[in-house]
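Source: prediction; values computed, not measured. For reference, positions follow the sequence shown, starting with 1.
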Amino acid sequence: MVKVVGIRFKKAGKVYYFDPDQLDIAAGDHVIVETSRGIEYGEVTVAPKEIAEKDIVSPLKKVLRIADEKDKAQHEENTHKKARALELCQEKVDKHHLIMKLIDVEYTFDNSKIIFYFTAEGRVDFRELVKDLAGVFKMRIELRQIGVRDEAKMVGGIGTCGKSLCCHTWLPEFEPVSIKMAKIQNLSLNPTKISGICGRLMCCLKYENAIYTELRRGLPEVGERVNTKEGLAVVIDANLLESKVRVRVVVSEKTQDRNEKLSDEIFTFDKSEIKRIDPKEKDILADVDKELLKEIKNLLDE
């Protein structure tokens, strides 16, 4: 087991593990650590605890110190400089006629590097832009292209639910979301209704997917034939939350001369009150239908 402390550098950002190095650290403290980007200022979100060594990426970097008033003042100063940095960068972007949209900027705590985040339709040749920015800021410049989901996470906004975006307020990492999740939850497949303001599928489709998947287990699909106490029936609707299905009973089977006839009356059954026809039973029914057709054909030939 290894003793670690969890630190976050951005609001709703990913939590990274560091070695507390005998420091008396508690959740909510601000600390100074060394990262791959340089010296950074972060907040402790996970108090010191022990986890399995296989769950970390070795070697862990140590927490340098708990932030003091001077460190906090430096961090606030870096935050205040962001607006001016974005303004200067936008001027240089316009000067070079680059098709890119600036989203955010970050100073490393020790002011050794400044990172600009932007979105663009394709690749952007910003080599001349970097040279100009380096001449203005007198430090290392990094331009990082991000996607529309990352843009929404950084900028924030209001979702269709009327609340602040999950990715901006608390969701640390994006999880894969697919159209299949919307189908499982019986949602409208209209893109405007299942997409977030970023234009991608809403992250919240993932939240209830496991529950809906479990509720759907054993529930027949619309159009499926099932056995009920009223006889063989066809499912016309399925309610996942109530585990009920609505069916129409098969009055007469489909033959070569006429289509299958269903009852006008609609019956509602609980999932436990119906029996799905498994593939073997379907094959048996198919064989019966074939035999019936043969008999009818023989009768007609006679």
Task: Test item: Glu87 side-chain N/O and Arg84 main-chain N/O as donor-acceptor pair under 3.5 Å - done: no

Open item on the list: On a heavy-atom basis, which atom in Ala27 and which in Ala47 lie closest, and how many Å separate them?
Closed with: N-CB, 4.2 Å

- [ ] Decide whether Ser188 and Asn190 meet the rule of one side-chain donor and one side-chain acceptor closer than 3.5 Å.
- [x] no

- [ ] Compare every heavy atom of Leu102 with every heavy atom of Leu86, then report the nearest pair and how far apart it is.
- [x] O-CD1, 3.9 Å

Open item on the list: Give me each pair satisfying side-chain hydrogen bond (donor to acceptor under 3.5 Å, both in side chains) with a member in residues 140-160, each pair once, sequence neighbours excluded.
Closed with: Lys101-Glu151, Lys113-Glu142, Glu142-Arg144

Open item on the list: For the NE2 atom of His80 and the CD atom of Glu76, what is their distance to the nearest 0.5 Å?
Closed with: 6.0 Å

Open item on the list: Distance check, rounded to the nearest 0.5 Å: Gln185 atom CD versus Ile211 atom CD1?
Closed with: 10.5 Å

Open item on the list: Looking at Glu50, I'd like to know if its CD atom is crowded, meaning that more than 12 non-hydrogen atoms belonging to other residues, nucleotides or ligands lie closer than 6.0 Å.
Closed with: yes

Task: Shortest non-hydrogen contact between Phe9 and Tyr41, atoms and distance - done: CD2-O, 3.6 Å

Task: Sequence-distant partners of Lys61, salt bridge (Lys or Arg N to Asp or Glu O under 4.0 Å), two or more places apart - done: none

Task: Val33 vs Ile7 side-chain heavy atoms within contact, under 4.5 Å - done: yes

TODO: Find out whether Ile51 and Ile56 are in side-chain contact, i.e. whether some heavy atom of one side chain is under 4.5 Å from a heavy atom of the other.
DONE: yes

Task: Counterpart residues, salt bridge (Lys or Arg N to Asp or Glu O under 4.0 Å), relative to Asp29 (two or more places apart) - done: none

TODO: Given side chain to side chain contact (heavy atoms under 4.5 Å, CB included), test Val2 with Leu60 step by step and report yes or no.
DONE: CA-CA 10 Å; Val2 180; Leu60 280 181; 4.0 Å; yes

TODO: Apply the test side chain to side chain contact (heavy atoms under 4.5 Å, CB included) to residues Ile103 and Thr119: give CA-CA distance (whole Å), side-chain angles for both, the deciding distance (0.1 Å), then the verdict.
DONE: CA-CA 7 Å; Ile103 303 300; Thr119 58; 3.9 Å; yes

Task: Check: Gly13 main-chain N/O paired with Arg8 side-chain donor or acceptor under 3.5 Å - done: yes

Task: Common cluster, Met154/Phe174, ILVMFWY with side-chain heavy-atom separation under 4.5 Å - done: no

Open item on the list: Which residues pass the salt bridge (Lys or Arg N to Asp or Glu O under 4.0 Å) test with Lys82, not counting sequence neighbours?
Closed with: Asp104

Open item on the list: Using 0.5 Å steps for rounding, measure from the CD atom of Glu214 to the CZ atom of Arg217.
Closed with: 4.5 Å

- [ ] Over all heavy atoms of both residues, which pair between Arg276 and Val226 is shortest? Give the atoms and the distance, please.
- [x] CA-CG1, 4.2 Å

Task: All side chain to side chain contact (heavy atoms under 4.5 Å, CB included) counterparts of Asp21, not counting sequence neighbours - done: Asp19, Lys62

TODO: Let me know which of Asp71, Asn111, Leu64 forms a side chain to side chain contact (heavy atoms under 4.5 Å, CB included) with Ile39.
DONE: Leu64

- [ ] Output yes when a side-chain donor or acceptor of Ser164 lies under 3.5 Å from a complementary backbone atom of Thr169, and no otherwise.
- [x] no

Open item on the list: To check you understand the geometry: which heavy-atom pair defines the closest contact between Ala182 and Ile194, and what is its length?
Closed with: CB-CD1, 4.3 Å

Task: Minimum-distance pair of heavy atoms, taken over all atoms of His96 and Asp132 - done: NE2-OD2, 2.8 Å

Task: Step-by-step side chain to side chain contact (heavy atoms under 4.5 Å, CB included) determination, Ile277 to Asn227 - done: CA-CA 7 Å; Ile277 301 175; Asn227 285 320; 4.0 Å; yes

Task: CG/Asp264: more than 12 non-hydrogen atoms of other groups inside 6.0 Å - done: no

- [ ] Can you establish whether the number of heavy atoms outside Asp94 located under 6.0 Å from its atom CG is more than 12?
- [x] yes

Open item on the list: With heavy-atom distances below 4.5 Å as the criterion, would you say the side chains of Glu40 and Asp110 are in contact?
Closed with: no

- [ ] Hey, could you give me each pair passing ring-ring contact (aromatic ring centres under 6.0 Å, His included) that has a residue in residues 110-160? Not counting sequence neighbours.
- [x] Phe116-Phe137, Phe118-Phe126

Open item on the list: When you compare the side chain of Pro48 with that of Val4, does any pair of heavy atoms fall below 4.5 Å?
Closed with: no

Open item on the list: If I take atom OG1 from residue Thr268 and atom NZ from residue Lys244, how far apart are they, to the nearest 0.5 angstrom?
Closed with: 8.0 Å

- [ ] Identify whether Val136 and Met139 are in the same connected component of the hydrophobic contact network (ILVMFWY, side-chain heavy atoms under 4.5 Å).
- [x] yes

Open item on the list: When you measure from the side chain of Ser243 to the backbone of Asn239, do you find a donor-acceptor pair of N or O atoms at a distance under 3.5 Å?
Closed with: no

- [ ] Go through the steps to decide whether Arg127 and Asp125 satisfy the test salt bridge (charged side-chain N to carboxylate O under 4.0 Å, His left out), and finish with yes or no.
- [x] CA-CA 6 Å; Arg127 288 174 293 183; Asp125 184 0; 2.9 Å; yes

Open item on the list: Around atom CD1 of Ile236, are there more than 12 heavy atoms from other residues, nucleotides or ligands closer than 6.0 Å?
Closed with: yes

TODO: Taking the side chain as every heavy atom from C-beta outward, state whether Leu171 and Cys203 have any pair of such atoms under 4.5 Å apart.
DONE: yes

Task: Nearest-0.5 Å distance that lies between atom CZ in Arg65 and atom NE2 in His30 - done: 14.0 Å

Task: Salt bridge Glu106-Lys10, side-chain N to carboxylate O under 4.0 Å - done: yes

Task: In one Ile/Leu/Val/Met/Phe/Trp/Tyr side-chain cluster, 4.5 Å: Ile66, Tyr17 - done: no

Open item on the list: Tell me if the CD1 atom of Ile99 is crowded by more than 12 foreign heavy atoms within 6.0 Å.
Closed with: no

Task: Student check: side-chain heavy atoms of Val5 and Val46 closer than 4.5 Å - done: no

Task: Phe109 vs Ile32 side-chain heavy atoms within contact, under 4.5 Å - done: yes

- [ ] Using the rule that two of Ile, Leu, Val, Met, Phe, Trp, Tyr join whenever any of their side-chain heavy atoms come within less than 4.5 Å, decide whether Leu240 and Val245 are in one cluster.
- [x] yes

Task: Glu265 with Arg248: basic N within carboxylate O range, under 4.0 Å - done: no

Task: Path from Leu98 to Val130 over hydrophobic side-chain contacts below 4.5 Å - done: yes

Task: Met100 side chain reached by Leu143 side chain, heavy atoms, under 4.5 Å - done: yes

Open item on the list: Once rounded to the nearest 0.5 Å, what's the spacing between atom CD1 of Ile141 and atom CD1 of Ile114?
Closed with: 5.5 Å

Open item on the list: Evaluate Arg200 against Val148 for side chain to side chain contact (heavy atoms under 4.5 Å, CB included), listing each step before the verdict.
Closed with: CA-CA 8 Å; Arg200 300 290 187 268; Val148 289; 3.5 Å; yes

